[in-house]
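Some notes on the structure that comes next.
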Amino acid sequence: QVQLVESGGGLVQAGGSLRLSCAASGRTFSSYCMGWFRQAPGKEREFVAAISWNGGTTLYADSVKGRFTISRDNAKNTVYLQMNSLKPEDTAVFYCAASRVLTRGPLSYDYWGQGTQVTVSS
């Protein structure tokens, strides 16, 4: 069982930056691939980024490539999402999730956090 708690969301102006954190409970964190997803009002949940268990491989959605960076610190049981050059269309609830495989597909993720709101004003 893995419990995930996101933090770091907030209100930021377009062009600004935020860093999201996702703290995981349990001693098996380092065996999971981790992902970030987001869901805007009235839209489907969409993939943002994912990272392999050892941080050696990362995946990004085209819409965030070059602006967002996913990383992890297994010693701290935490995964991060550094978001730069934020745009109003990035406004959404951001969720972290844990999976046994590195994938963009949300159905492969076994555990989810409660989400943190990110709002980007124009």
Side-chain angles (χ1 to χ4, degrees):
Q1 189 81 2
V2 177
Q3 292 185 321
L4 305 172
V5 179
E6 302 95 336
S7 62
L11 174 64
V12 64
Q13 289 188 330
S17 298
L18 281 175
R19 188 176 82 155
L20 304 183
S21 299
C22 174
S25 66
R27 292 175 291 180
T28 60
F29 173 76
S30 61
S31 66
Y32 283 89
C33 300
M34 298 298 297
W36 285 97
F37 292 79
R38 65 186 180 186
Q39 187 166 19
K43 295 189 176 182
E44 297 286 321
R45 188 171 298 191
E46 66 171 355
F47 169 78
V48 175
I51 190 167
S52 59
W53 66 273
N54 64 353
T57 304
T58 55
L59 303 175
Y60 293 95
D62 288 344
S63 59
V64 306
K65 201 171 294 183
R67 300 188 298 123
F68 292 9
T69 303
I70 188 171
S71 61
R72 66 188 298 162
D73 184 338
N74 286 343
K76 295 182 178 180
N77 278 15
T78 302
V79 62
Y80 305 97
L81 185 68
Q82 178 66 43
M83 305 186 294
N84 299 328
S85 302
L86 282 161
K87 305 174 182 180
E89 51 263 44
D90 293 318
T91 295
V93 177
F94 280 71
Y95 299 88
C96 70
S99 171
R100 290 293 191 182
V101 296
L102 185 65
T103 178
R104 292 177 171 87
L107 295 179
S108 297
Y109 285 79
D110 302 310
Y111 304 101
W112 292 81
Q114 83 290 349
T116 186
Q117 176 71 47
V118 171
T119 303
V120 184
S121 63
S122 57

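Computed from a predicted model, the values in this text were never measured in an experiment. Along the sequence shown, residues carry numbers from 1.
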Discussion item. With a 3.5 Å distance limit and no angle check, can you tell me whether Asp90 reaches the backbone of Ala14 through a side-chain donor-acceptor pair?
Written reply: no

Worksheet item: Do the side chains of Val120 and Leu18 join up, straight or via other hydrophobic residues, at under 4.5 Å, putting them in one cluster?
Response: yes

Fill in: Contact summary for Leu4 and Ala97, nearest pair of heavy atoms
CD1-CA, 3.7 Å

Worksheet item: According to the interplanar angle, ranging from 0 to 90°, do the rings of Phe37 and Phe47 count as parallel (below 30°), tilted (30 to 60°) or perpendicular (above 60°)?
Response: perpendicular

Fill in: disulfide bond (SG atoms under 2.5 Å apart): pairs with one or both residues in residues 8-60, sequence neighbours excluded
Cys22-Cys96

Discussion item. Less than 4.0 angstrom from a charged side-chain N to a carboxylate O is my criterion; do Asp62 and Lys65 meet it?
Written reply: yes

Practice prompt. Please report the closest heavy-atom contact between Ser17 and Ser85, naming both atoms and the distance.
Written response: OG-N, 4.3 Å

Practice prompt. Mind running side-chain hydrogen bond (donor to acceptor under 3.5 Å, both in side chains) on Arg100 and Ser31 for me, showing each step along the way?
Written response: CA-CA 7 Å; Arg100 290 293 191 182; Ser31 66; 3.0 Å; yes

Practice prompt. Test Lys76 against Ser21 for side-chain contact (heavy atoms from CB on, under 4.5 Å), laying out the working first.
Written response: CA-CA 11 Å; Lys76 295 182 178 180; Ser21 299; over 6 Å; no

Worksheet item: When clusters are formed by joining ILVMFWY residues with side-chain heavy atoms under 4.5 Å apart, either directly or through shared neighbours, do Val79 and Tyr111 land in the same one?
Response: yes

Practice prompt. Look up atom CZ in Phe68 and atom CZ in Arg19, then write down how far apart they are to the nearest 0.5 Å.
Written response: 14.5 Å

Response to the item:
Across all chains, not counting sequence neighbours, the side-chain hydrogen bond (donor to acceptor under 3.5 Å, both in side chains) partners of Tyr95 are none

Worksheet, complete the sentence: CD1 (Ile51) and OG (Ser99) are apart, to the nearest 0.5 Å, by 13.5 Å

Discussion item. Please report the interatomic distance OH(Tyr60) to OG1(Thr69), rounded to the nearest 0.5 Å.
Written reply: 4.5 Å

Practice prompt. Treating Ile, Leu, Val, Met, Phe, Trp and Tyr as nodes and any side-chain heavy-atom pair under 4.5 angstrom as an edge, say whether Trp112 and Val93 lie in one connected cluster.
Written response: yes

Fill in: Contact check, side chains of Gln114 and Glu6, non-hydrogen atoms, under 4.5 Å
yes

Discussion item. Do Tyr80 and Met83 sit in one hydrophobic cluster, given that two such residues count as connected whenever their side-chain heavy atoms are within less than 4.5 Å of each other, even indirectly?
Written reply: no

Discussion item. A cation-pi test, strictly: NZ or CZ of Arg72 under 6.0 Å from the centre of the six-membered ring of Phe29 and no more than 45 degrees from its axis. Yes or no?
Written reply: yes

Practice prompt. Please examine the side chains of Gln117 and Thr91, heavy atoms only from C-beta on, and report whether any two atoms are closer than 4.5 Å.
Written response: yes

Discussion item. Do Val64 and Val118 sit in one hydrophobic cluster, given that two such residues count as connected whenever their side-chain heavy atoms are within less than 4.5 Å of each other, even indirectly?
Written reply: yes

Item to complete: Hey, could you give me the CD/CD distance between Glu44 and Gln39, rounded to the nearest 0.5 Å?
Response: 7.0 Å

Discussion item. I need the Thr116 OG1 to Leu81 CG distance, nearest 0.5 Å.
Written reply: 11.0 Å

Worksheet item: Measuring from Ile70:CD1 to Met34:CE, what's the distance to the nearest 0.5 Å?
Response: 8.0 Å

Practice prompt. Measure across Val2 and Ser25 and return the closest heavy-atom pair with its distance rounded to 0.1 Å.
Written response: CG1-O, 3.9 Å

